[in-house]
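To start, the structure under review is shown below, and the notes come after it.
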Amino acid sequence: MEINKEAILSKTHYGLNIYAYVLRQYYPGETVLSLSGRDCKLTKNPFNEDKPTLTVKVVDNCAVHTDSEEAIADGNVFDFAALHFKFSGQELLDKLNEELHLRIGQKNGFYNQEDEIFTEPEPEIIKPIPPVFSYFKKPVTNVVPTKEITLIEVYNLIQGNEFATCTSTLRNIQDVKEARKYKAFNFDYVTFSGAFSKRNDKHLKKHSGLLTIDFDHISNISTLKEELLKDEYFQTELLFTSPSGDGLKWIISIELTKVKHQDYFKAVANYIQHTYSFEVDGSGKDISRACFLPHDPNVFINPKYL
């Protein structure tokens with residue numbers, strides 16, 4: 001699919017997601033757009049001294065804006081995005097495709113998963129339901145889950161300060177055995193691939209549709225992180241630095257109607273070895289695999305959930 005305005009509007013709810021993305025860069029943690037039908041209530045305008053003067057609505061299947069004080073010219077979503085990104089024309093469209101991970105122009109996913117394309121008018125922003133899985137309190141020997149938790153809740157925990165102290169302490173331990181022991185006893189953990197009555201593959205209640213890929217002992221984490229976010233086959237759901245600080249946890253979605261979890265893991269592991277020349281930790285083949293939760297202020301979550 002060609003990267004043009006029509007393709008971008010079809011994947012961003014007429015451009016409303018672009019307005020939300022840009023506004024969120026200025027007002028993180030706030031509800032930046034409140035919809036009523038196809039119109040949004042007045043919201044703060046970063047290009048008018050943060051005054052609540054901006055109105056956004058959908059007209060002829062394209063989101064447009066006005067400012068009640070005329071601080072900026074009336075225009076559509078691409079005009080608004082240009083104010084933020086300082087790009088225009090095809091350069092702006094390419095930037096939106098990259099920043100919002102729209103994947104326009106990329107190949108279909110693994111096993112021919114089709115990209116989601118909105119062909120019918122949508123009156124409101126419809127967010128996907130975030131995957132749900134089990135959360136366990138420390139230590140790792142505790143195999144009975146405390147609760148079920150969503151991907152968004154885990155994102156907030158990792159980004160916040162909940163695990164900052166234990167993460168900092170772990171990274172200051174030089175002895176490998178002592179570090180492994182500390183991690184086992186001091187970090188809460190989750191099973192991204194599903195909800196369990198007890199942490200064991202036999203006690204799986206429901207698969208979440210997620211797969212965890214571990215990258216250990218990485219020399220250049222920032223480079224690999226950028227490459228994974230641009231991967232042509234897999235859409236990143238969550239990506240964060242491991243508790244030890246020298247690895248990445250890559251959480252991707254998988255389609256289990258065609259392939260079993262273990263077979264999917266083997267295929268992805270082979271793909272990663274071929275594409276990125278990295279060996280993947282084989283423990284990910286277990287559905288009940290534990291993943292410790294660290295502190296990472298730069299954790300990435302797919303914008304479709306926000």
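Quick note: numbers below take in every heavy atom, side chains included, and nothing from hydrogens, waters or symmetry partners.
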How many angstroms lie between [atom1] in [X] and [atom2] in [Y], if you round to the nearest 0.5 Å?
{"X": "Leu100", "Y": "Tyr21", "atom1": "CG", "atom2": "OH", "value": "6.0 Å"}
{"X": "Leu248", "Y": "Leu228", "atom1": "CG", "atom2": "CG", "value": "6.5 Å"}
{"X": "Thr53", "Y": "Asn45", "atom1": "OG1", "atom2": "CG", "value": "4.5 Å"}
{"X": "Thr167", "Y": "Lys183", "atom1": "OG1", "atom2": "NZ", "value": "11.0 Å"}
{"X": "Thr241", "Y": "Ile221", "atom1": "OG1", "atom2": "CD1", "value": "5.0 Å"}
{"X": "Ile251", "Y": "Ser208", "atom1": "CD1", "atom2": "OG", "value": "9.0 Å"}

Strictly under 6.0 Å, is that where the ring centroids of [X] and [Y] end up?
{"X": "Phe300", "Y": "His101", "answer": "yes"}
{"X": "Tyr276", "Y": "Phe215", "answer": "no"}
{"X": "Phe136", "Y": "Phe196", "answer": "no"}
{"X": "Phe187", "Y": "Phe163", "answer": "no"}

> Looking only at heavy atoms, which two atoms of Asp296 and Asn298 are closest? And how far apart?
Replying inline: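 Closest approach of Asp296 to Asn298: OD1-N, 2.9 Å.
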> Which atom pair, heavy atoms only, marks the closest approach of Asp79 to Gly75?
Replying inline: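 Looking at all heavy atoms of both residues, the closest pair is OD2-CA, 3.3 Å.
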Donor-acceptor pair, side chain of [X] and main chain of [Y], under 3.5 angstrom:
{"X": "His295", "Y": "Gly160", "answer": "yes"}
{"X": "His207", "Y": "Ser193", "answer": "yes"}
{"X": "Asn97", "Y": "Leu93", "answer": "no"}
{"X": "Ser168", "Y": "Thr165", "answer": "no"}
{"X": "Arg199", "Y": "Pro145", "answer": "no"}
{"X": "Arg180", "Y": "Asp175", "answer": "no"}
{"X": "Asn48", "Y": "Lys51", "answer": "no"}
{"X": "Asp74", "Y": "Thr66", "answer": "no"}

> Does NZ or CZ of Lys249 fall inside the cone over Phe240's six-membered ring, less than 6.0 Å from its centre and within 45° of the axis?
Replying inline: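 Not satisfied by the 6.0 Å and 45° rule.
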>> Given the ring of Tyr26, does Lys44 sit roughly above its face, with NZ or CZ under 6.0 Å from the centre of the six-membered ring and within 45° of the axis?
In response: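 Negative - Lys44 is either too far from the ring of Tyr26 or too far off its axis.
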> Is there a donor-acceptor contact under 3.5 Å linking the side chains of Asp201 and Ser288?
Replying inline: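 Ser288 and Asp201 do have a side-chain donor-acceptor pair below 3.5 Å.
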>> Given Lys95, which partner from the list Glu91, Glu98, Glu99 fulfils the side chain to side chain donor-acceptor pair (under 3.5 Å) test?
In response: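 With Lys95 as partner, Glu91, Glu98, Glu99 yield a single side chain to side chain donor-acceptor pair (under 3.5 Å), made by Glu99.
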Close side-chain approach of [X] to [Y], heavy-atom, < 4.5 Å:
{"X": "Asp231", "Y": "Thr236", "answer": "no"}
{"X": "Leu224", "Y": "Phe278", "answer": "yes"}
{"X": "Leu9", "Y": "Val77", "answer": "yes"}

> Given Phe265 and Ile254, is the side chain to side chain contact (heavy atoms under 4.5 Å, CB included) satisfied, shown in steps?
Replying inline: CA-CA 9 Å; Phe265 176 82; Ile254 57 177; over 6 Å; no
Treating Ile, Leu, Val, Met, Phe, Trp and Tyr as nodes and any side-chain heavy-atom pair under 4.5 angstrom as an edge, say whether [X] and [Y] lie in one connected cluster.
{"X": "Leu210", "Y": "Leu157", "result": "yes"}
{"X": "Leu54", "Y": "Leu42", "result": "no"}
{"X": "Ile287", "Y": "Tyr264", "result": "no"}
{"X": "Leu16", "Y": "Phe85", "result": "yes"}
{"X": "Phe133", "Y": "Val143", "result": "no"}

> Are Ile301 and Ile152 close enough, and set up right, to give a side chain to side chain contact (heavy atoms under 4.5 Å, CB included), and what steps lead you there?
Replying inline: CA-CA 8 Å; Ile301 189 171; Ile152 296 175; 4.2 Å; yes
> Could you go step by step and tell me if Ile218 and Thr223 meet the side chain to side chain contact (heavy atoms under 4.5 Å, CB included) rule?
Replying inline: CA-CA 10 Å; Ile218 306 301; Thr223 298; over 6 Å; no
> Is it the case that more than 12 heavy atoms not belonging to Gln90 sit under 6.0 Å from its CD atom?
Replying inline: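 More than 12 within 6.0 Å, yes.
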>> If you apply the rule side chain to side chain contact (heavy atoms under 4.5 Å, CB included), what do you find for Leu211 with Phe234, and how did you get there?
In response: CA-CA 11 Å; Leu211 182 68; Phe234 297 104; over 6 Å; no
> Hey, are Asp188 and Lys137 close enough for a salt bridge, meaning a charged N less than 4.0 Å from a carboxylate O?
Replying inline: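 Here Asp188 pairs with Lys137 in a salt bridge, since their nearest N and O are under 4.0 Å apart.
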